[in-house]
Amino acid sequence: MLKGRVHKYGANVDTDAIIPARYLNVSEPEELARHCMEDIDKDFVTEVKPGDIIMAATNFGCGSSREHAPLAIKAAGVSCVIAGTFARIFFRNAINIGLPLLECEQAVSGTESGDILEVDLASGKIKNLTSGKVFAARPYPDFMAKLISSGGLIEYTRKRLANRRI
Amino acid sequence: MTLAEKILAAHTDKKKVSPGEFLNVRVDLILANDITAPIAIREFRRMGVGKVFDPGKIVMVPDHFTPNKDIASAEQVKVMREFCREQGVIYFEVGQMGIEHVLLPEQGLVLPGDVVIGADSHTCTYGALGAFATGMGSTDIAAAMATGEIWMKVPPTIKLVYHGIPGKWVGGKDLILYTIGDIGVDGALYSVMEFTGEAVDALSLDGRFTMANMAIEAGAKAGMFRVDNKTQLYIKHRARRHYMVYEPDSNGTYARVIDYDVSAIEPQVALPHSPANARPVSQLGDIKIDQVVIGSCTNGRIEDLQLAAQVLKGRKVHPGVRCIIIPGSQEVYLDAITRELIGVFIKSGAAVSTPTCGPCLGGHMGILASGERCVATTNRNFVGRMGSPQSEVYLANPAVAAASAVAGRIVGPDQITA
Ligand code: SF4
């Protein structure tokens with residue numbers, strides 16, 4: 001069960017906003033986390049606490065393919081991202097590196113910045129502890145659920161390669 | 001099946017695939033660059049695999065912060081260079097390299113019918129050649145380097161039909177900016193954009209690369225063109241291996257069909273901070289600028305430089321403007337020298353650079369200070385993309401960019417060449 005305070009943003013938060021390209025001359029997650037969301041919310045880095053939740057309207061993570069974006073969010077301590085929809089590459093990257101994402105328009109419209117949420121990843125249940133409202137995230141397709149439960153893409157691929165060799 | 005579905009099916013053991021289906025797809029080429037390769041290499045090692053599946057099908061290009069701008073970026077390229085040497089992966093050193101999406105088609109590394117994945121979102125550029133090409137992250141690339149395969153969900157296809165004859169200064173950039181302005185930055189989310197119609201048939205390959213390049217700016221997974229005589233002519237002297245040409249079935253299922261009449265479209269400018277903020281250049285009013293950048297994987301090809309030179313020839317860059325011109329590859333650079341374009345640029349007062357992504361992503365070679373405005377032929381004008389979060393980027397075609405460099409404010413080429 002995840003629990004944290006919500007940092008809420010609008011639609012089309014792009015990867016340059018999540019981690020500006022000028023910081024991409026390194027790839028250590030902790031270094032990247034220091035500049036997370038810097039250009040659209042300079043206070044994010046000082047205010048974020050371990051377990052906090054990023055929430056956004058639609059198309060979160062559009063733009064570049066940089067895996068540095070979910071890495072920065074994860075290393076900043078964020079426990080999950082909830083949005084109406086995600087950009088395609090960001091979605092893959094986040095799942096691959098183990099940053100949980102939930103798609104749920106109702107939760108986004110029924111939550112304010114600063115609210116405290118409780119999230120059950122297994123069932124997709126999102127509870128707003130501030131308002132008492134409960135929401136259900138869209139379930140993952142079977143294939144993705146399998147990928148997540150094998151421990152991400154690296155583990156999944158490792159297992160596939162091992163099976164091939166037999 | 002649509003063009004995308006045909007190509008994907010051919011890279012699996014299936015006869016037919018449909019949107020929504022999850023597949024393991026065999027890949028023909030895998031790409032990474034100096035930003036994304038170091039993470040891909042780290043993840044590849046973590047998988048405990050000794051050798052890449054096929055070094056001849058992997059290419060790494062140091063193009064973003066190169067020639068290296070600082071120690072940190074030099075360290076990143078060092079990781080990548082050493083990995084390529086160790087594994088025998090294709091690598092283009094500074095002096096041979098160009099911006100990856102200009103370079104790979106030029107080198108004949110991408111061919112029609114291919115499935116290409118790249119750890120760079122503009123990998124979709126290769127759709128201009130009738131390939132299925134899409135951007136992914138570093139971990140996906142690591143898995144593909146180990147296995148030669150990648151999982152994909154078959155995307156639905158949106159067909160965009162461009163009718164009519166475009167105006168004098170209207171090119172691929174304007175058609176794609178207009179389209180993104182119409183459908184929005186998530187208008188093609190998770191989908192393939194199949195570009196058709198007589199107006200795109202009339203485009204050169206360079207113009208088609210520009211359009212396919214920006215499919216991602218509408219959220220698309222790929223942007224594709226059918227192979228025609230122009231494509232065949234382009235690859236004739238470049239292809240060094242067998243390739244397949246696929247045609248969409250006449251009864252293929254499209255999620256949407258959108259028609260445009262291009263004769264009504266003016267040169268477009270996308271205002272900050274979204275590529276979807278496209279407006280006709282004549283309706284912008286008086287917007288003074290500090291910088292112009294002509295280059296990038298969107299508009300750094302020879303046709304783009306020719307258009308810029310056509311406008312700049314015999315004219316001077318406005319004293320209040322820095323005009324930076326960056327050929328997309330060494331081949332484009334040499335071609336521009338042979339055609340005497342570089343002399344035109346230098347005489348006009350522009351700075352010309354060796355190929356690099358440079359300012360496109362705010363890396364180096366033309367970073368903006370706060371309050372500054374730039375007209376760029378690049379593909380993104382997000383907050384802080386070219387430097388200060390308080391700077392602004394306006395996206396346009398090379399002729400508009402060059403005309404604006406001369407005028408010191410955003411204008412169409414007609415306003416200075418008339
Ligand atoms: S030119 Fe710009 S958009 Fe193209 S690959 Fe380089 S940084 Fe990315």
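Naming: A, B, ... by sequence-line order, numbering from 1 per chain. Both backbone and side-chain heavy atoms feed into the values below; hydrogens, waters and symmetry mates do not.
Top candidate by heavy-atom pairs under 4.5 Å with chain A, chosen from B/E149, B/H64, B/M47, B/H122, is B/M47. Ranked by non-hydrogen atom pairs under 4.5 Å with chain B, the options A/G63, A/P20, A/A21, A/C62 are led by A/G63. By number of non-hydrogen pairs under 4.5 angstrom with chain A, the leading residue of B/Q390, B/H273, B/K221 is B/K221. With respect to chain A, the highest number of heavy-atom pairs below 4.5 Å among B/Q76, B/E217, B/H364 belongs to B/Q76. Counting heavy-atom pairs under 4.5 Å between each of B/D140, B/V185, B/I367 and chain A puts B/D140 at the top. Interface remark: of the candidates A/D16, A/D142, A/I97, A/D16 forms the most heavy-atom pairs closer than 4.5 Å to chain B. Contact tally against chain B (heavy-atom pairs below 4.5 Å) for A/N59, A/L71, A/L147, A/T58: the top residue is A/N59. With chain B as partner, the option from A/L24, A/D14, A/N93, A/T157 having the largest number of non-hydrogen pairs under 4.5 angstrom is A/D14. Chain B forms more heavy-atom pairs under 4.5 Å with one residue of A/Y156, A/F86, A/F90 than with any other, namely A/F86. Between chain A and the residues B/T36, B/D34, B/V77, B/L189, the largest count of heavy-atom pairs under 4.5 Å involves B/L189. Of the listed residues (A/G152, A/P70, A/S27, A/A69), the one with the most heavy-atom contacts under 4.5 Å to chain B is A/S27.
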Start with the C-alpha gap between B/S121 and B/R380, add the side-chain angles, then the distance that decides, and say whether side chain to side chain donor-acceptor pair (under 3.5 Å) holds. CA-CA 12 Å; B/S121 59; B/R380 288 190 177 136; 3.0 Å; yes

Verdict with supporting geometry, A/E155 and A/R160, salt bridge (Lys or Arg N to Asp or Glu O under 4.0 Å): CA-CA 9 Å; A/E155 284 307 316; A/R160 284 193 61 213; over 6 Å; no

Chi angles and distances behind the side chain to side chain donor-acceptor pair (under 3.5 Å) call for A/N25, B/S73: CA-CA 5 Å; A/N25 53 357; B/S73 67; 5.5 Å; no

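For residues 77-84 of chain A, a heavy-atom distance under 4.5 Å to chain B picks out no residue at all.
Looking at B/N33, there are no atoms closer than 4.5 Å to chain A (heavy atoms on both sides), in backbone or side chain. Heavy atoms of B/I216 lying under 4.5 Å from chain A belong exclusively to its side chain. Only the side chain of B/D70 has a heavy atom closer than 4.5 Å to any heavy atom of chain A. Heavy atoms closer than 4.5 Å to chain B are found in the side chain of A/N12, but not in its backbone. With a 4.5 angstrom heavy-atom cutoff, A/T85 touches chain B only via side-chain atoms. For chain B, the nearby parts of A/I154 are the backbone and the side chain; heavy atoms of each come within less than 4.5 Å.
Qualifying salt bridge (charged side-chain N to carboxylate O under 4.0 Å, His left out) partners for A/D115, counting only residues two or more places apart in sequence or in other chains: none. In this structure, the side chain to side chain donor-acceptor pair (under 3.5 Å) partners of A/Y23, at least two apart in sequence or on a different chain, are A/E38. Residues passing the ring-ring contact (aromatic ring centres under 6.0 Å, His included) test with A/F91: none are found, sequence neighbours excluded.
The one candidate from B/T123, B/V25, B/I141, B/L29 that meets the side-chain contact (heavy atoms from CB on, under 4.5 Å) condition with B/I117 is B/I141.
Other residues, nucleotides and ligands contribute more than 12 heavy atoms inside 6.0 Å of the CG atom of A/D43.
Cation-pi check for B/K69 over B/F65 is met; the charged atom lies under 6.0 angstrom from the ring centroid and within 45 degrees of its normal.
For A/S113 (side chain) and A/K8 (main-chain N/O), a donor-acceptor pair under 3.5 Å exists by modelled atom type. Of the possible donor and acceptor atoms, none in the side chain of A/D52 sits under 3.5 Å from a partner among the backbone N and O of A/G4.
Taking the charged nitrogens against the carboxylate oxygens, A/R138 and A/E105 do have a contact shorter than 4.0 Å, which makes a salt bridge.
Listed here is the closest heavy atom pair of A/K3 and A/L129: CE-CD1, 3.7 Å.
With rounding to the nearest 0.5 Å, the separation of OH in B/Y126 from CZ in B/F132 is 14.5 Å.
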